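The next block holds one structure in the form of structure tokens; read it before the comments.
Each chain gets a letter, A, B and so on, in the order the sequences are listed, and its residues count up from 1. All values reported here derive from a predicted model rather than from experimental measurement.
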Number of protein chains: 2
Amino acid sequence: MSKLDNQMDKINQQLKAKGYKLTHQRAMTLRVLLENEQDHLSAEDVYMLVKKTYPEIGLATVYRTLELLTELHIVEKMNFGDGVARFDLRDDSQEHMHHHLICAKCGVLKEIQEDWLLELEQRVQREFGFTVTDHRLDFTGLFQSCSAGECKRGKDTKAS
Amino acid sequence: MSKLDNQMDKINQQLKAKGYKLTHQRAMTLRVLLENEQDHLSAEDVYMLVKKTYPEIGLATVYRTLELLTELHIVEKMNFGDGVARFDLRDDSQEHMHHHLICAKCGVLKEIQEDWLLELEQRVQREFGFTVTDHRLDFTGLFQSCSAGECKRGKDTKAS
DNA sequence: ATTAAGATGATAATGATTATAAATTGAGAA
DNA sequence: TTCTCAATTTATAATCATTATCATCTTAAT
């Protein structure tokens with residue numbers, strides 16, 4: 001059984017446990033997410049990719065599926081201020097959202113896998129009596145290569 | 001001269017320096033922002049507040065003004081995932097955006113004024129060759145009072 | 001006062017997302 | 001297998017925030 005099948009199976013369990021079915025459409029949507037784990041796809045992106053192998057799917061279904069998966073904490077819905085929500089498979093081993101480095105020039109986006117915030121979360125708890133359940137940390141700035149003017153993309157801010 | 005006048009004057013200088021006029025509408029919009037420094041108002045919020053003392057103002061003007069102020073780094077445009085942009089006067093002494101604590105239950109929002117990220121920014125520079133120009137740190141979770149069920153607001157997520 | 005650039009206000013247009021309603025699917029009962 | 005019901009899907013209309021358009025209005029300099 002491939003890694004992909006394995007992951008799919010695991011998610012299937014989660015869906016079933018909550019009384020949801022893994023329909024063909026949902027499976028296709030998940031597959032796209034699994035095959036693009038590194039990207040931060042918008043709903044439209046996902047829609048286009050699913051359509052390639054399953055042209056009958058409707059945009060609304062993609063939206064609904066992404067919302068469902070977000071509720072189940074299988075994907076992470078995020079927002080980089082460009083007016084579209086982006087979705088990302090949530091790694092089980094990763095309790096929180098990844099941190100991001102976003103190039104201010106070309107929009108290239110890099111994930112930091114480690115969790116750098118445990119200490120600050122304890123501090124928030126101590127100083128504000130606030131129990132953190134999730135967090136978000138994005139840095140905007142310039143990569144060395146981008147400040148050297150080697151940015152590939154002009155301004156289309158496609159997350160990848 | 002009141003503190004408000006003082007701030008207004010300072011911003012006027014900034015506008016002039018860039019060749020923009022401080023029109024009545026812009027002044028009114030700024031006043032609302034200055035009088036609500038603690039809040040994170042949406043464009044619509046600002047519009048409603050300005051209308052109270054200047055009913056002739058148009059929504060588009062408010063949007064335009066907020067965008068202008070954002071470009072000049074006088075206000076900070078932010079986004080908490082509820083589908084509306086929120087605006088916040090930017091403190092000169094504060095180089096970056098404030099950190100936020102967001103109650104997952106009622107949406108109450110608290111600012112942390114200190115900058116807790118200098119160390120992590122150095123780390124980003126070291127490990128990724130990424131020069132940070134701005135950052136964003138939000139924690140989602142529960143305040144003690146909210147987990148005790150004393151949340152005031154149900155789910156309207158009005159930032160304040 | 002005249003003119004031209006900058007601003008504004010009303011409103012139409014856009015784009016992402018959500019709601020609606022009719023049609024389809026699938027699991028279990030008969 | 002056939003029936004039935006609830007979940008799901010699809011196409012599309014509706015919504016909501018934001019942006020663009022354009023005619024009108026201000027204002028500062030001539």
Please list, chain by chain and in numerical order, all residues satisfying side-chain hydrogen bond (donor to acceptor under 3.5 Å, both in side chains) with B/D138, sequence neighbours excluded.
B/H100, B/R136
With a 4.0 Å limit, can you tell me whether A/Y63 has a side-chain N or O closer than that to the phosphate oxygens OP1/OP2 of C/dT18?
no
Distance check needed: C/dG26 P versus A/K16 NZ, whole Å only.
15 Å
Find the distance B/N79:CG to C/dA16:C1' and express it as a whole number of Å.
13 Å
Between B/L41 (CG) and D/dA17 (P), how many Å, whole number?
15 Å
What class does the angle between the rings of B/H99 and B/H135 fall in, given that below 30° is parallel, 30 to 60° is tilted and above 60° is perpendicular?
tilted
Looking only at the side chains, is there a donor atom on one of B/H98 and B/E76 sitting less than 3.5 Å from an acceptor on the other?
no
Give a yes-or-no answer on whether the side chains of A/K51 and A/Y47 include a donor-acceptor pair shorter than 3.5 Å.
yes
Please report the distance, rounded to the nearest Å, between CG in B/L22 and P in D/dT27.
12 Å
Kindly list each side-chain donor-acceptor pair under 3.5 angstrom involving residues 54-71 of chain B, sequence neighbours excluded, with atom names and distances?
unit_1	atom_1	unit_2	atom_2	d
B/Y54	OH	B/Q25	NE2	3.4
B/T61	OG1	B/R64	NH2	3.3
B/T65	OG1	B/T61	O	2.7
B/T70	OG1	B/L66	O	2.7

Any N/O pairs under 3.5 Å between the protein and nucleotides 7-13 of chain C? List them or say none.
unit_1	atom_1	unit_2	atom_2	d
C/dA7	OP1	B/K21	N	3.2
C/dA7	OP1	B/R26	NH1	3.3
C/dT8	OP1	B/T23	OG1	2.3
C/dT8	O3'	B/Q25	NE2	2.8
C/dG9	OP1	B/Q25	NE2	3.1
C/dG9	OP1	B/E56	O	3.3
C/dG9	OP2	B/G58	N	3.1
C/dG9	OP2	B/T61	OG1	2.6
C/dG9	N7	B/R64	NH2	2.8
C/dG9	O6	B/R64	NH1	3.1

Run the side-chain contact (heavy atoms from CB on, under 4.5 Å) test on A/L49 and A/N36 for me, step by step, so that the C-alpha distance in whole Å, both residues' side-chain angles and the decisive distance to 0.1 Å come before the verdict.
CA-CA 10 Å; A/L49 289 170; A/N36 295 275; 3.9 Å; yes
Take the protein atom CZ of A/F80 and the nucleotide atom P of C/dA16, then report the distance between them rounded to whole Å.
17 Å
